[in-house]
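Quick note on labels: first sequence line is chain A, next is B, and so on, each numbered from 1.
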Amino acid sequence: MFGVGKTSLVRRFVYDRFEDGYLSTIGVKVSQKLLPPIQTGEGKFGQFNFLLWDIEGFEENSPQLSNYLVGAAGALVVADLLRPETIASLPAIINRFRKAAPAGQVALAGNKIDLAKTSPETVGELERFAAESHLPFLLTSAKTGENVEKSFQVLARQIAQSGGR
Amino acid sequence: MEAGFFEKIFQQKRMGFASLSPQLTVISHNPYFLEFLIQPGRPAQGQPLQVLIPETVGLENVLEQIAAGKQVFFQLENLQREKPGKETLFFHLSFYHTAEKAAPLFCLLEEVTATARLRQQIIQQMNEIRLLESLIAARREEISLSILGNSEPIRKIRATIEKLARVPAATILLQGESGTGKSMAARMLHHASSGKNAPFVEINCAAIPETLLESELFGYEKGAFTHAIASKQGLLEEAHGGTLFLDEIGDMSLKLQAKMLSFLETRRFRRLGSTAEKEVRLRLLASTNRDLDELVRNGAFREDLYYRLNVVKIELPPLRELGSDILEIAISYIQAFNIDFNKKISGLTAEAEEKLLRYRWPGNVRELRNAIERAMIFAEGERLDAADLLVGPAGPGPEAAPAAENFRLPAGGMSFEEIEKKLLRDALKLAGGNQSKAAKLLRLSRDAFRYRLEKHGLPDG
């Protein structure tokens, strides 16, 4: 989905920066970030070098999307808490990811929580979806930085626990 | 053909290429290939492709398939490369199978920056429009489903709605002046107590004739009356599993009241022209701005239906009794209309706040919404000012402003002509001699006002 804040989350995570305004991403922009060591299991620690693919907010049925997803170890799937329709589109996006990268792990981020404190219904909807799909999720704000690094850590842990790269 | 002929063509077409070993290391490449590398200073020959072009990490399986000739082609479109001090470069990255054993992969990089920029502009505009539409829709829904304010009456209503949400079967009567938000309260009750997809069916009993209301509510079978050319499901059936909201129930005819009472007691009904009974499960909400007690006393409303509906009653207070909540509601409308009209009004001036607080708001929240909407259309300042708000006069306060229903004719009677003359004179005085404003104060058209001035021989200014 477009405009949910994928680029802003990556920018906050990698460069600790936020820019107001919306500029749609075309294609894909790759960046790297070395995570501090995290606990990946009982007594186990690991360090992750993320190669992040910030991809265009394609339509669910875009043929080009699968090529971007092939080979990914995990996906942080982002919904916009101000737009309930982005939550409704999550199942299709996740299915698409799992088809292209069957071993890939998924975590959810409900972004723009700084603006959505007054929309408990949308937050509740994401919570329900995450519970039904057994997916970890965090409410994030690229603007304030709330839970941004944590959501990537959650994904890293998922990948480590599944034995991924 | 001269040596380097193809090199020149690739260079001119802004294409880089490299041949790759089965282990995905670069065997050879043209000079332009280096333009796409993250670190262009490094020699590329002998380097693993993944080090030079990190977008290929994770593609090992796909590239092995191409090297083995099991897949012919693979492409990633619009990869971005940012270089310090230069514009972002966009390129397509493609892989082809070749028949050479030592170099079974051919990697082609095609610069597409100009096309990508055009695409970016188109998508940007499309997405901005879609984002705006989506935000407007969400904000509208948020406003339509929230009772704003923190005054005692509003807090009580919120608490009552929360309690009632846990009792799905209760019939609820919403009472309040016109424009106090009865319909909104009904929607809140529905959303708080029903599933997301449960139907909310609303009908205004005062807006349609009795016979039509009956067929709308109960539905009909084909041939039930002259124009019944096909069977039709009624609103009772449509609301099955959700909520039926009967707005202005005080205007329902006695005959229909009897039918509704029967339905409420049995939860069963028959479509017009049918003998088969149907049963539905729904929550019934009814509202009125009329005094049902008085209607019952006058015989215009069935007492038994009144008691059936009046199991739980929520009184929606008039806006004038909500104190500073008026300002909170006004601000929420300003925010909503900022989105609608693409404006950046930040709030209200102190004078505007005072004007809003002193006005009586006979049309309640609906009138406030209209006043803010009108002000937002014409306002040019950073905040809405008193002059932007075209509401009735800022009178001496709610207590002193008499409502028509409070007026009592003295036992000895009085001259209607004299009263009319006095009202006309007072209105002109309050409006500073402006006839349009004076007419507005008396809820008259300008022509009707002038006609009355002439009738009484009063000066017109």
| query | Under 6.0 Å from the CD atom of B/Glu328, do we count more than 12 heavy atoms belonging to anything else shown? | reply | yes
Over 12 non-hydrogen atoms of neighbours within 6.0 angstrom of NZ in A/Lys150: no
In terms of heavy-atom contacts, A/Ser24 and B/Ile123 come closest through OG-CG2, 3.9 Å
- Task: Show your reasoning for whether side chain to side chain contact (heavy atoms under 4.5 Å, CB included) applies to B/Glu77 and A/Glu56.
- Result: CA-CA 11 Å; B/Glu77 289 181 4; A/Glu56 182 176 331; over 6 Å; no
The reported gap from CD in A/Gln64 to NE2 in B/His92 (rounded to nearest 0.5 angstrom) is 8.0 Å
Rounding to 0.5 Å, atoms OH (A/Tyr68) and CG (B/Asn78) come to a distance of 5.5 Å
- Message: If you define the side chain from C-beta out and look only at heavy atoms, does anything of A/Thr25 sit under 4.5 Å from B/Gln80?
- Response: yes
When the 4.5 angstrom heavy-atom criterion is applied to A/Leu23 and chain B, the contacting part is both
The reported gap from CD1 in A/Ile26 to OG1 in B/Thr115 (rounded to nearest 0.5 angstrom) is 11.0 Å
dist B/Asn127:CG -> A/Met1:CE (nearest 0.5 Å) comes out at 9.5 Å
Hey, does the side chain of A/Asn67 reach the backbone of B/Gln75 with a donor-acceptor pair shorter than 3.5 angstrom?
yes
Fill in: More than 12 heavy atoms from other groups under 6.0 Å of CD on A/Glu85
yes
